[in-house]
Amino acid sequence: MKRRIWRYGIIHAVALSSLLASGLVASSAGAAVGAPSAARAVHASGTATSINVKWVRPASVGTSAIRDYVVTSRPSARSCTTKTTTCVVRGLNPGSSYTFSVVAKNGIGASTPATSNRVVVAKAGAYFRSQVAVFDVTSSVAETAISNAQTTTQEQSASQELTVSFDLFIDSLNLEKWPTNTAPDMASFISATRQLATDTVTSLGASTASAAAEDFDTLQGVTNKTVLDEANVLVDLGYPLPIIAPTTTVPTSAPLATAQTIHDFFGDPVSVTATQLVDPATAASGSGLADSGYRFVAVELTINNPGTATVNGNANYSLTITGSDGQAYSADYGTVSDCTNFTYGDFVLPATDSATGCVVFELPTSVTVQSVQFTLAPSYLDTAEWAS
């Protein structure tokens, strides 16, 4: 299939080159009387196989309005047509150097070609990594501004900058024509990134503590998916797997209060201890009561970072309870008087730091706790388990 596409590309390019050559011969004596003058300030930019070309309208439109502009690459004769003053030329060859000509057309004829600067098209992998690097910087700046905001106006402004950072990153990925083997994982990565942007803004705007805790939980899930999708894309593009391989070992249950070591996506260790199981737990003042036929159960965790890199996650997302009915129960986001919750379930631990907090569950009164599990990425990373 690749050979057919390649052959088609050559044939198509030759055909377009012939058409272009005939057009150049016809216009070599200059534009027809009444045709537009040449476009001005033609500029090509981008490092993807799709290059964005911009220009300024001709000084004279001629004797009738401009109908459209045709942009053509040299070499390869890839082209695009537009009625505006910007156009994206797609299907260019990674590693090749191009210039682009712009021809303005009205009802009388075509202008003489105006030529752009020369650009070199990067390979798909280099382009992807460069866009990720740019996004890492712009999003980090916006997140820092949000953290440092002193007023609602400053926070809203920084949040808008973060949204713009996400939008530009997604646009840069949509600009590229990705290799066939990469396209499905790239589509999944773009979708996850778009959801990450939505969930980030939602979590920042949460109006109550319980809503914020639930939003942070959701945010952790889509963050994990984004990490996995990005890793798949990089492998598709020929790079080594940037995170550790999936863990297939079945966890071994340990008694409560036993410290167990698990890992994050980059292999950094995390020591986790389920220090106590409070069953039943008492709803804190101001917190809602358990539903009829249900009770609150709280698990207190101590999370320690024995490594040298910062580790982070969300305890509400990471911790589950398996009941005597065989079902897995996730966090309820309530508060109890028996212990203090993590802040929205979130934890960020620099090297040698630790944090202690509670995760609250709501279980049917007829169901007992069989075991407690903690993992930073379900079905991928290793899991700590404690028997009740």
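- Inspection of the R74 and T99 side chains reveals no N or O donor paired with an N or O acceptor under 3.5 Å.
- Side chain of D268 to main chain of V311: no donor-acceptor pair is present (N/O by atom type, distance under 3.5 Å, no hydrogens or angles).
- Within the model, atoms OG1 of T182 and CG of L237 stand 4.0 Å from one another, a figure rounded to the nearest 0.5 Å.
- Looking only at atom types and distance, the side chain of N52 has a donor-acceptor partner in the side chain of T86 under 3.5 Å away.
- No hydrogens or angles considered: nothing links the side chains of T383 and Q373 as a donor-acceptor pair under 3.5 Å.
- Within the model, atoms CG of L241 and CG of L234 stand 9.0 Å from one another, a figure rounded to the nearest 0.5 Å.
- Using a 3.5 Å distance cut-off with no hydrogens or angles, the side chains of T302 and T356 do pair a donor with an acceptor.
- No donor-acceptor pair under 3.5 Å is formed between the side chain of E214 and the backbone N or O of S210.
- A cation-pi arrangement is found for R129 relative to Y239, the charged atom lying closer than 6.0 Å to the ring centre and inside a 45° cone about the ring normal.
- Using a 4.5 Å heavy-atom threshold, the side chains of S116 and H43 count as separate.
- The structure places CZ of F135 at 4.5 Å from OG of S165, a figure rounded to the nearest 0.5 Å.
- Following chains of ILVMFWY side-chain contacts shorter than 4.5 Å, one cannot reach V70 starting from F100, and the two form parts of different hydrophobic clusters.
- How far CG of D346 is from CG of N341: 13.0 Å, rounded to the nearest 0.5 Å.
- Counting heavy atoms from C-beta on, the side chains of V360 and V297 never come closer than 4.5 Å.
- In this structure, the separation between OG on S354 and CG on L301 is 12.5 Å, given to the nearest 0.5 Å.
- Aromatic ring orientation, F189 versus F169: perpendicular (interplanar angle above 60°, classes split at 30° and 60°).
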Discussion item. Using side-chain contact (heavy atoms from CB on, under 4.5 Å), reason through K54 and T85 one step at a time and then give a plain yes or no.
Written reply: CA-CA 6 Å; K54 297 181 180 181; T85 56; over 6 Å; no
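- Side chains of K225 and S188: a donor-acceptor N/O pair is present below 3.5 angstrom, by distance only.
- The ring of Y333 has its center no closer than 6.0 angstrom to the ring center of Y344.
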Practice prompt. Given side-chain contact (heavy atoms from CB on, under 4.5 Å), test V299 with W386 step by step and report yes or no.
Written response: CA-CA 11 Å; V299 178; W386 299 267; over 6 Å; no
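- The backbone N or O of A192 lies less than 3.5 Å from no partner atom in the side chain of D229, so there is not a single donor-acceptor pair.
- I146 is listed as a side-chain neighbour of L204, based on a closest heavy-atom distance under 4.5 Å.
- A side-chain donor from one of T82 and T84 sits under 3.5 Å from a side-chain acceptor of the other.
- Few gaps surround CZ on F265; more than 12 heavy atoms of other groups in view lie less than 6.0 Å from it.
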Worksheet item: Yes or no on side-chain contact (heavy atoms from CB on, under 4.5 Å) for V270 and N305, after CA distance, side-chain angles and deciding distance?
Response: CA-CA 5 Å; V270 183; N305 176 12; 5.8 Å; no
Practice prompt. Give the C-alpha distance, both sets of side-chain angles, the deciding distance and a yes or no for side-chain contact (heavy atoms from CB on, under 4.5 Å) between V53 and V42.
Written response: CA-CA 7 Å; V53 183; V42 182; 3.8 Å; yes
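- Donor-acceptor pairing under 3.5 Å is lacking for the side chains of N93 and Y98.
- Between L277 and L256 the shortest side-chain heavy-atom distance falls below 4.5 Å.
- Taken from OG1 in T81 to NZ in K105, the straight-line distance is 7.0 Å, to the nearest 0.5 Å.
- Side chains of T72 and S79: a donor-acceptor N/O pair is absent below 3.5 angstrom, by distance only.
- Classified by interplanar angle (parallel below 30°, tilted 30° to 60°, perpendicular above 60°), the ring pair F347/F374 is tilted.
- No side-chain donor-acceptor contact under 3.5 Å links S324 and Q370.
- Under the 4.5 Å side-chain criterion, counting only non-hydrogen atoms from C-beta, I243 is in contact with F266.
- Under the 4.5 Å side-chain heavy-atom criterion for grouping Ile, Leu, Val, Met, Phe, Trp and Tyr, F361 is connected to I303 within one hydrophobic cluster.
- Using modelled atom types, one finds no donor on one side chain facing an acceptor on the other under 3.5 Å when comparing S159 with E161.
- Placement of L162 and V141 in two distinct hydrophobic clusters is found when ILVMFWY residues are connected by side-chain heavy-atom separations under 4.5 Å, directly or transitively.
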